[in-house]
Amino acid sequence: MTSILEQLKTQFTQALVAAFGEEMVTQDPLIAPTNNPKFGDYQCNVALSLAKPLKQKPRDIAQTLINHLQLQEMCEPPEIAGPGFINLTLKPQYLAQHLTTLQQDPRLGVETAKHPQKVIVDFSSPNIAKEMHVGHLRSTIIGDSIARILEFRGHDVLRLNHVGDWGTQFGMLIAYLREAYPEALTTANALDLGDLVSLYRQAKQRFDEDEDFRETARQEVVNLQAGAEDSRHAWQLLCNQSRKEFQAIYDALDIKLQERGESFYNPLLPGVVETLDNSGILAEDQGAKCVFLDGFSNKEGNPLPLIVQKSDGGYNYATTDLAALQYRIRQDEAERIIYVTDAGQANHFTQVFQVAKKAGILPEQVDVVHVPFGLVQGEDGKKLKTRSGETVRLRDLLDEAVDRAYQDVEQRLQTENRQEDEDFKHHVAQVIGLSAVKYADLSQNRTSNYVFSYNKMLALQGNTSPYLLYAYVRIQGISRKGNIDFSQLSAIGKISKPLTQLNWKPLLWAFFALLVGFLGIDITVRIYRELHSIPLLPSVFQLTGFFYTLWFIYNRLLFQKDRKKLWQDIQETKETVLGEPQPPALPVVALPPEPTPGGIVLAAEAELNLAKHLLQLSDILQEVERDLLPNRLCQYLYELSQKFNQFFEQCPVLKAEEPVRTSRLMLCNLTAETLKLGLSLLGIPVLERM
Ligand code: ARG
């Protein structure tokens, strides 16, 4: 189903071409939804931007455009406002029709991409033997949501975990463990990651203080590089230890990722340096191999180098990223590669991409994007720390969110005087706690820093996950209260296929053909009768009339009883689908009952607002797919919940009279389905009750 915005764009492009010539095909019609109903639902600004090139007044351009537009079915007559904006208001009838189609579409009107791509999302990517920190948490949450949205749009997504599992730090760590805890290097699970992190610190201290130890550590790196059995084994153990800890976090957050760490690209590094050399951009600077960069210079104004091989022969983080890029383009055949890391790595990626382009590793048609995000701050505005001033462990952070959610649930149950069992409370707390952390992260524009506050993220009011979850629960409550099976509602839409949707042309032709055939036979019979003088031979029309009368009597008289029963059946099915008929409430708004294609009637302002919002999901998702800003989806869902709540406060649902009641139930159901789908794309499951 084409979204409304796309339909409008097509219409405007056609009008532009008709009015101003073929070259307008490439002109962006500049249409966007308005945020003030005063300006209608959509506004087109193209007349203003065409004023100069066309040397005409914008208002005149707008008028010419309107004269060429064919929007009678979709919109009220377009209005020209201010210097030349064209304001468009959608017709309720059109909205209702569109919603009916949505109702029967499990994808809720979101089409799959016209040109599906092979996309790599490089996210999470913590470092072995180090704690996974809040920065990695942000990357995990944002990267996962981006991957989910791209997958839903039909792209072939490879989710890669580029873990830091290689480098000189492993030499240092193994050397230290050999000295201090030799058993840790031979027995699996002798340490947990907490130990590993503090051991890492001790090793680093030793490394900084002791020249002999530095030498041993270096030797250990060489051994590891050379593939020495026991060094490899020790390294494997360390990796497994960390992996287990990371996996626990991924499981809790329902994150799917494929590990392909830095070590994977290690054998390819010499080849990368060779590629750079062959392309003639490799230089030598104080014994190190490097590429001088455009747009990066030191204080003296000399270009800065990107070092790809140090003077001791070791490689850098950037070298690995060059190798990874090459592999992902050649072997994985990626067409779009997305890197989700903190904004601090922006320069790193700009440099890597620049060098890769120069070396011919990165062809023009491959789209590489760094998706940067800001810092996570404590409520004091500083870097997030525990009360004792240490970096916060992710496990603890998530556990605390769930604990606090649990307390909230208990309190709410108490005030509402409800009894629920432990399983229920734990499940609800788990979903609310974890989704609150995810949503708090996703709902911010990722480029800014965000303040981590349990109170804010767990609040039932505001742009939070509990608020959205609650809107969903509220709708499920309506279905329980009215005994309504939402899944059957869309069937009602299917029963009454609106006449406007019937394809008249072939029907008319068939009718015409039948008539001609009929006449032909009738004339033949008459001629035969005249020729052979058989006066009793009836004409075809007489025969038809006779049989029709028989059929009518048979139907009316003999099957009266069955028809009654059939009618009762229909009523009963309707009741089970729609619940017990409710006593009619006092009408709040006067509703002119319009013809209802598919059962949806839109009249009250809150209904119209909700309907228009429901129809925008597809546009929003395409926006996120392009700009990689999941907060747009959050904002959309938040506004949806707000509009639903307004609708629910102003428009009685269960107590409304038919056909409004069914129509409103459909709006409820569509809202719930949209919330569920939208939240799932943020990695958040819904609750039926909470
Ligand atoms: N391990 C890195 C870090 O913790 C992130 C890796 C991001 N991905 C990449 N291809 N460089 O900062």
Side-chain angles (χ1 to χ4, degrees), residues 119-144 146-147 157-170 173 193 196-197 200-201 204 235 238-239 241-243 245-247 249-250 255 257-266 268-269 272 306-308 315-332 334 336-357 361-362 366-376 383-384 391-394 441 446 628:
V119 186
I120 290 181
V121 187
D122 173 324
F123 70 106
S124 191
S125 310
N127 301 313
I128 301 286
K130 294 190 193 163
E131 198 74 73
M132 188 169 172
H133 55 68
V134 279
H136 295 124
L137 180 68
R138 277 208 96 171
S139 173
T140 308
I141 293 171
I142 295 171
D144 176 58
I146 288 177
V157 180
L158 180 60
R159 302 153 156 259
L160 286 185
N161 200 359
H162 190 84
V163 292
D165 62 353
W166 201 248
T168 44
Q169 76 268 28
F170 284 95
L173 196 60
L193 189 67
L196 207 55
V197 171
Y200 185 87
R201 251 182 252 135
K204 180 89 176 70
W235 171 72
L238 293 176
C239 289
Q241 198 78 46
S242 294
R243 212 168 268 145
E245 294 281 330
F246 299 158
Q247 195 54 47
I249 307 257
Y250 297 143
I255 307 285
L257 257 172
Q258 186 174 322
E259 185 181 317
R260 200 198 271 167
E262 293 180 17
S263 63
F264 177 87
Y265 305 101
N266 188 50
L268 311 174
L269 301 181
V272 167
L306 179 78
I307 298 177
V308 289
Y315 300 97
N316 279 337
Y317 181 52
T319 328
T320 307
D321 260 324
L322 284 168
L325 199 52
Q326 192 167 40
Y327 189 90
R328 290 167 183 186
I329 293 171
R330 284 202 194 150
Q331 259 66 29
D332 298 322
R336 191 181 190 194
I337 310 176
I338 296 166
Y339 299 81
V340 190
T341 79
D342 61 293
Q345 298 199 31
N347 278 347
H348 162 76
F349 285 108
T350 314
Q351 295 171 357
V352 167
F353 298 159
Q354 187 191 104
V355 171
K357 266 190 198 128
I361 292 173
L362 174 57
V366 176
D367 184 24
V368 286
V369 219
H370 177 222
V371 169
F373 53 78
L375 300 174
V376 184
K383 211 176 149 200
L384 191 67
T391 36
V392 183
R393 292 181 58 170
L394 281 196
D441 199 323
R446 57 173 165 73
L628 307 173

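Remember, it's 1-based here, ligands and their atoms both numbered in the order they're listed.
Close approach of ligand 1 to Asn127 is summarised as follows: ligand atoms under 4.0 Å from at least one heavy atom of the residue are 1 (N), 2 (C), 3 (C), 4 (O). Close approach of ligand 1 to Asp321 (heavy-atom distance below 4.0 Å) involves ligand atoms 9 (C), 10 (N), 11 (N). Applying the 4.0 Å criterion to heavy atoms of Phe349 picks out, from ligand 1, the atoms 9 (C), 11 (N).
Where the criterion is an N or O separation shorter than 3.5 Å, residue side chain and backbone included, Asp122 meets it with respect to ligand 1. Note: no N/O pair closer than 3.5 Å links Tyr339 and ligand 1 by distance alone. Here's the thing with Gln345: one of its N/O atoms is less than 3.5 angstrom from an N/O atom of ligand 1. Considering backbone and side-chain N/O atoms, Thr341 never comes within less than 3.5 Å of an N/O atom of ligand 1. Looking at Glu262 next to ligand 1, no N or O pair under 3.5 Å apart turns up. The N/O atoms of His136, backbone and side chain alike, include one that comes under 3.5 Å of an N/O atom in ligand 1.
For atom 9 (C) of ligand 1, the closest non-hydrogen atom of the protein is His162 CD2, 3.4 Å. Of the protein's heavy atoms, Tyr317 OH, 3.2 Å lies nearest to atom 6 (C) of ligand 1.
Taking 4.5 Å as the limit, some side-chain heavy atom of Arg260 sits within range of a side-chain heavy atom of Tyr265. Between Tyr315 and Thr320 the shortest side-chain heavy-atom distance does not fall below 4.5 Å.
Exactly one of Ile120, Ile337, Val366 qualifies for a side chain to side chain contact (heavy atoms under 4.5 Å, CB included) with Leu325. That residue is Ile337.
Aromatic ring pairs are classed by plane angle as parallel below 30°, tilted from 30° to 60° and perpendicular above 60°; the pair Phe264 and Tyr327 is perpendicular. Phe170 and Trp235 have perpendicular rings, their planes meeting at more than 60° on a 0 to 90° scale where under 30° would count as parallel.
Between the CZ atom of Arg138 and the OG atom of Ser124 there is a distance of 14.0 Å, given to the nearest 0.5 Å. The CD atom of Glu131 sits 7.5 Å away from the CD atom of Glu245 when rounded to the nearest 0.5 Å. Within the model, atoms CD1 of Ile128 and CZ of Arg243 stand 5.5 Å from one another, a figure rounded to the nearest 0.5 Å.
At a heavy-atom distance under 4.0 Å, no atom of Thr320 approaches ligand 1. Within the 4.0 Å heavy-atom criterion, neither part of Tyr265 lies near ligand 1.
Residues Thr319 and Ile307 come closest through the heavy atom pair OG1-O, 4.3 Å.
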